[in-house]
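A short worksheet on the structure shown next.
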There are 2 protein chains.
Amino acid sequence: MVSIKDVAEHAGTSFKTVSRVINNDAGVREETRERVQAAIDALGYRPNSAARMMRNQKSGVIGFISDEVVTQPYAGELLLGAQEVASEHDKVLMVVNIEHDRKRQQRAIDMLLERRVEALVYASYYHREIELPQEMLQVPSVLVNCFTTEAVLPTFVPDEVQAGYDATRLLIEQGHTRIGMITLNPQIVAAQKRLEGYRRALDEAGIAFDAELIVRGEPRFDEPAESACVESAVGSLMALDKRPTALVCGKDEFAMQVYFLLARFGLQVGRDLAVTSFDNQRLIAPGLTPGLTTMELPHLEMGRAALRCLFNRMDDRSTRLIPFSPIVRESHRLKA
Amino acid sequence: MVSIKDVAEHAGTSFKTVSRVINNDAGVREETRERVQAAIDALGYRPNSAARMMRNQKSGVIGFISDEVVTQPYAGELLLGAQEVASEHDKVLMVVNIEHDRKRQQRAIDMLLERRVEALVYASYYHREIELPQEMLQVPSVLVNCFTTEAVLPTFVPDEVQAGYDATRLLIEQGHTRIGMITLNPQIVAAQKRLEGYRRALDEAGIAFDAELIVRGEPRFDEPAESACVESAVGSLMALDKRPTALVCGKDEFAMQVYFLLARFGLQVGRDLAVTSFDNQRLIAPGLTPGLTTMELPHLEMGRAALRCLFNRMDDRSTRLIPFSPIVRESHRLKA
DNA sequence: TCGATGAATGACAACGTTGTCGAACATTAA
DNA sequence: TTAATGTTCGACAACGTTGTCATTCATCGA
């Protein structure tokens with residue numbers, strides 16, 4: 001590889017002068033600068049970042065550890081937001097997908113620390129508690145879409161309670177009082193907190209909570225995977241004496257299935273049942289008829305916020321709740 | 001940061017001996033090795049990869065340039081396959097999303113070359129022709145899911161013709177002879193080649209091609225975005241004197257809409273119309289009833305194959321067609 | 001003509017590592 | 001005992017860069 005010395009020889013200067021030129025340092029005669037620049041272009045010289053890193057003791061790299069952010073639909077936005085802010089600060093992300101694997105996680109962290117990352121981001125694709133790799137305390141770090149029992153790092157998570165509240169409010173405002181909910185696996189944070197938001201919205205509106213209206217759309221971690229879960233959930237709601245007139249779905253996939261399942265009862269979303277949901281999956285939500293009103297997870301914004309935090313050195317250990325965006329289409333209101 | 005010299009001092013040896021220990025070089029007395037190891041652990045020493053890179057003239061990094069692989073649903077699998085093979089060879093990927101932006105692309109390439117990547121991967125999220133950044137010829141490179149007019153690099157793309165053929169075959173084998181097709185934007189490769197495969201399957205089965213059965217599900221690049229495109233496509237198919245009994249959909253999203261739209265005509269997928277499609281979007285295909293039979297894009301395999309090619313130094317400029325996987329569910333056959 | 005001043009440039013060390021070579025020491029054979 | 005051999009270890013240079021300091025050279029005022 002061509003080095004600063006080769007350029008110097010070609011330009012007939014000392015290599016230090018070349019260094020000055022590539023760093024735009026003052027104190028180089030214009031004529032010399034041009035001569036050096038010509039040599040750089042002629043030889044196709046590129047500064048060696050490894051050498052720079054050694055001198056400057058800075059890598060310019062931020063480590064991004066994710067369980068499966070990259071492979072999960074829409075969650076990649078998180079990465080996108082992070083990349084955007086990083087590159088504004090002339091940093092690059094080094095992304096490693098560890099796939100929930102302990103060994104890979106350790107290897108990833110070792111590798112990143114050996115590369116002298118200036119900071120670490122740990123991102124989960126779904127909101128959950130994690131066991132913090134202790135090495136993360138050695139460099140400025142943030143958690144995104146995940147958290148630890150005791151808050152030891154700046155943490156950015158979606159505001160699930162608010163989202164549950166908003167999704168329910170949209171229906172209440174349309175006059176509904178019998179509002180069903182198809183929940184996610186109750187062991188995950190989103191399921192619990194969104195239900196909490198749902199109850200808060202009912203309370204506030206003076207609507208009594210009815211446990212019959214809460215049904216599960218997916219199995220618990222310890223239960224066998226079951227494809228018909230949403231089907232039986234919808235079935236049990238429809239079997240009620242007083243059927244719900246509106247439904248909050250735990251995710252857009254549930255909503256999609258609801259659109260289909262309703263047909264069995266001669267019902268239609270948007271005519272007989274109002275629906276809201278969570279995620280705003282681009283593949284599903286806009287393509288349904290009527291378009292699905294859904295709460296979009298703030299992935300992009302979490303990615304951005306986390307990196308801004310790193311650059312602002314706000315290592316205050318606090319947990320920031322990032323709001324969902326309501327994507328209002330038609331499914332939450334009924335047409336006569 | 002603690003260096004090899006600090007460790008040496010702590011262990012009472014020369015720093016060269018420490019180097020030998022961390023590299024597992026022969027010729028270190030067991031007792032010395034243990035003493036050094038203890039010092040390493042005590043000080044929390046980690047080798048500085050920048051210094052190693054300088055000495056060894058190797059970065060251990062492979063650059064991965066993508067337009068939007070990360071943000072697009074399922075296409076992240078491509079990245080996953082690449083990462084898998086890379087890490088088998090003790091290399092790390094440095095991923096940069098350039099979002100179809102010329103400047104970002106240039107910045108990304110400069111950055112990667114300055115970091116002395118050992119190879120470059122250029123991946124597009126949808127199969128298309130690209131303009132090759134000339135700098136890619138400076139290091140071993142491969143193209144994934146994209147290609148150049150003149151083949152100058154090893155290229156890995158999905159076998160669209162075969163997929164079109166297979167998707168159609170599945171229906172022909174069920175006895176269908178009136179097979180409609182909802183195509184993607186005809187300006188993209190997938191649309192053209194899959195249609196070619198469709199025609200080949202018909203020819204082979206002795207079924208006459210009928211242009212009326214080919215309708216467009218999405219606008220061309222130069223047309224305004226239109227959400228009702230699939231709707232009118234299905235409408236025109238249903239208005240035919242001889243309606244098709246089977247349908248090949250350009251993507252799972254089309255299929256999803258078809259499931260809904262059919263209801264307007266009192267028809268049902270799986271009873272009145274057999275359907276196949278492309279992509280196997282995890283969010284959609286398994287959740288439809290009946291389950292959608294669809295051709296899965298070989299993203300994972302393309303990622304793997306591309307990196308294997310890099311490691312095998314097979315820079316033969318040839319184009320490798322990677323086969324789709326037929327994901328057979330129920331939608332391609334009709335129940336009485 | 002001289003020293004003083006400032007601008008332009010170069011010599012050198014250092015960053016942390018590994019390859020090369022030689023030195024020190026122990027062991028073996030004669 | 002001596003020489004030969006092998007084992008263990010350290011001194012030194014080099015990788016490509018930038019910061020520090022010194023040197024060269026032209027210019028200027030006295």
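Keep in mind that the numbers below use all heavy atoms, side chains included, and drop hydrogens, waters and symmetry copies. Numbered from 1 within each chain, the chains take letters A, B, ... in sequence-line order. From a predicted model like this one, the values you see are computed outputs, not experimental measurements.
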Nearest listed nucleotide, side chain of [X], among [options]:
X	options	value
A:N48	C:dT17, D:dT17, C:dG19	D:dT17
B:Q57	C:dT20, D:dG16, C:dT17	D:dG16
A:T32	C:dA8, C:dG16, D:dT17	C:dA8
A:N56	D:dG16, D:dT18, C:dT18	D:dT18

Closer than 4.0 Å, any side-chain N/O of [X] to the OP1 or OP2 of [N]?
X	N	result
B:R29	D:dC9	yes
B:S19	C:dT17	no
A:R52	D:dG16	no
B:T17	D:dG10	yes

Let me know the distance between [atom1] of [X] and [atom2] of [N], rounded to the nearest Å.
X	N	atom1	atom2	result
B:F15	C:dT20	CZ	P	16 Å
B:K16	C:dC21	NZ	C1'	11 Å
B:E30	D:dC9	CD	C1'	16 Å
A:E34	C:dA8	CD	P	14 Å
B:N24	C:dT18	CG	C1'	15 Å
A:E31	C:dA7	CD	C1'	15 Å
A:D6	D:dC15	CG	C1'	13 Å
A:K58	C:dC15	NZ	C1'	15 Å

Quiz item: Taking the six-membered ring for Trp, are the ring centroids of A:Y45 and A:H10 within less than 6.0 Å of each other?
Solution: no
Exercise. With side-chain hydrogen bond (donor to acceptor under 3.5 Å, both in side chains) as the test, would you mind laying out the steps for B:Y126 and B:E68 before giving the verdict?
Key: CA-CA 9 Å; B:Y126 77 96; B:E68 38 181 325; over 6 Å; no
Exercise. Select base, sugar-phosphate, or nothing to describe what A:N23 touches, counting heavy atoms under 4.0 Å on all strands.
Key: sugar-phosphate
Quiz item: Do the ring planes of B:F311 and B:H89 sit parallel (below 30°), tilted (30 to 60°) or perpendicular (above 60°)?
Solution: parallel
Quiz item: So, B:Q105 versus B:D101: side-chain donor-acceptor pair below 3.5 Å or not?
Solution: no
Quiz item: Taking it one step at a time, do B:E129 and B:T148 satisfy side-chain hydrogen bond (donor to acceptor under 3.5 Å, both in side chains)?
Solution: CA-CA 6 Å; B:E129 180 173 352; B:T148 50; over 6 Å; no
Self-check item: C:dG10 base / A:R20 side chain donor-acceptor hit below 3.5 Å
Solution: yes
Self-check item: Along DNA chain D (nearest heavy atom to each residue), the more 5'-positioned of A:R55 and B:M54
Solution: B:M54
